[in-house]
K.L.:
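A single structure is presented below for examination.
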Amino acid sequence: MKNADDEPEVKLTLGQYLASIRADRGLSLREVERETEKVVSNAYLSQIETDQIKRPNPNILHALAQLYDVPYDGLMERAGFVAPTRSRRTPEQRHGRVATFAEHNLTNEEEAELVKFLGYLRSRKK
């Protein structure tokens, strides 16, 4: 008899994940379009949620992260833009963190917000 620990972890696709969050928030595709001021069209979101689009524009992911109140870096990771590294490295091992922010003694939440903002800035350059 298998227990929950023996079960392989099932990871949702980006589309499945976004669809589940939208449903949890009680939003329709058109409401997302309206709430994001048409940054995310309902047709584009539908294609993301049905996995027809697997790597959406980072600006779209940023708008959805803000609306759904989820971490932007998590959406970028699910879309394949960044490799998952959080669980394998300690904060001191992350590239640039010690040299750049050592004197600020950032909390995990502050660091996550900085990463989100950096992703936003980089997405505007494209």
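Residue numbers run from 1 in the order of the sequence given. Note that these values count all heavy atoms, side chains included, but never hydrogens, waters or copies made by symmetry.
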K.L.:
What closest approach, in Å, do Tyr68 and Arg22 show between heavy atoms, and which atom pair accounts for it?
P.N.:
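Taking every non-hydrogen atom into account, OH-CB, 3.3 Å.
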K.L.:
With sequence neighbours left out, what residues match Gln52 under side chain to side chain contact (heavy atoms under 4.5 Å, CB included)?
P.N.:
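For Gln52 the side chain to side chain contact (heavy atoms under 4.5 Å, CB included) partners, ignoring immediate neighbours, are Gln47, Thr50.
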K.L.:
To the nearest 0.5 angstrom, please state how far the CG atom of Leu27 sits from the CD1 atom of Ile21.
P.N.:
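If I round to the nearest 0.5 Å, the distance is 11.0 Å.
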K.L.:
Is it the case that atom CZ in Arg30 sees more than 12 heavy atoms from other parts of the structure closer than 6.0 Å?
P.N.:
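Atom CZ in Arg30 is not crowded, with 12 or fewer foreign heavy atoms closer than 6.0 Å.
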K.L.:
Which value, rounded to the nearest 0.5 Å, describes the distance between Tyr44 atom OH and Glu33 atom CD?
P.N.:
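That separation rounds to 13.5 Å.
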K.L.:
When you measure from the side chain of Ser46 to the backbone N and O of Asn42, does any donor-acceptor pair fall under 3.5 Å?
P.N.:
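Between the backbone of Asn42 and the side chain of Ser46 there is no qualifying donor-acceptor contact (under 3.5 Å).
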K.L.:
After noting the C-alpha distance and the side-chain angles of Tyr17 and Val70, does the key distance pass the side-chain contact (heavy atoms from CB on, under 4.5 Å) rule?
P.N.:
CA-CA 11 Å; Tyr17 178 71; Val70 297; 4.1 Å; yes
K.L.:
From Ser28 OG over to Arg34 CZ, what is the distance, rounded to the nearest 0.5 angstrom?
P.N.:
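Those atoms lie 6.5 Å apart.
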K.L.:
To the nearest 0.5 Å, what is the distance between CZ on Arg78 and CZ on Arg55?
P.N.:
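Reported to 0.5 Å precision, the distance equals 15.5 Å.
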K.L.:
Look up atom CG in Asp73 and atom NE2 in His62, then write down how far apart they are to the nearest 0.5 Å.
P.N.:
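It is 11.0 Å, given to the nearest 0.5 Å.
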K.L.:
Please check this pair: side chain of Glu77 against backbone of Gly74, looking for a donor-acceptor N/O pair closer than 3.5 Å.
P.N.:
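Side chain of Glu77 to backbone of Gly74, a donor-acceptor pair under 3.5 Å: no, none is there.
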K.L.:
Using side-chain heavy atoms (C-beta onward) and a distance below 4.5 Å, is Leu45 in contact with Leu64?
P.N.:
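When only atoms from C-beta onward are counted, Leu64 and Leu45 do touch, with a gap below 4.5 Å.
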K.L.:
Which pair of non-hydrogen atoms, one from Pro56 and one from Ala79, has the smallest distance, and what is that distance?
P.N.:
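Smallest interatomic distance, heavy atoms only, reads CD-CB, 4.3 Å.
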K.L.:
Going by side chain to side chain contact (heavy atoms under 4.5 Å, CB included), name the residues that satisfy it together with Gln16, two or more places apart in sequence or in a different chain.
P.N.:
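Only Leu12, Thr13, Asp51 meet the side chain to side chain contact (heavy atoms under 4.5 Å, CB included) criterion with Gln16.
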K.L.:
I want to check something: taking the side chain as every heavy atom from C-beta on, are Ile48 and Ile60 in contact at a cut-off of under 4.5 Å?
P.N.:
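Yes - at least one pair of side-chain heavy atoms lies under 4.5 Å apart.
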K.L.:
If you count every heavy atom of other residues, nucleotides or ligands that lies below 6.0 Å from Asp69 atom CG, does the total exceed 12?
P.N.:
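At most 12 heavy atoms, drawn from other residues, nucleotides or ligands, come within 6.0 Å of this atom.
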K.L.:
Within this structure, what is the CG-CG distance for the pair Leu61 and Leu14, rounded to the nearest 0.5 Å?
P.N.:
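It comes to 6.0 Å.
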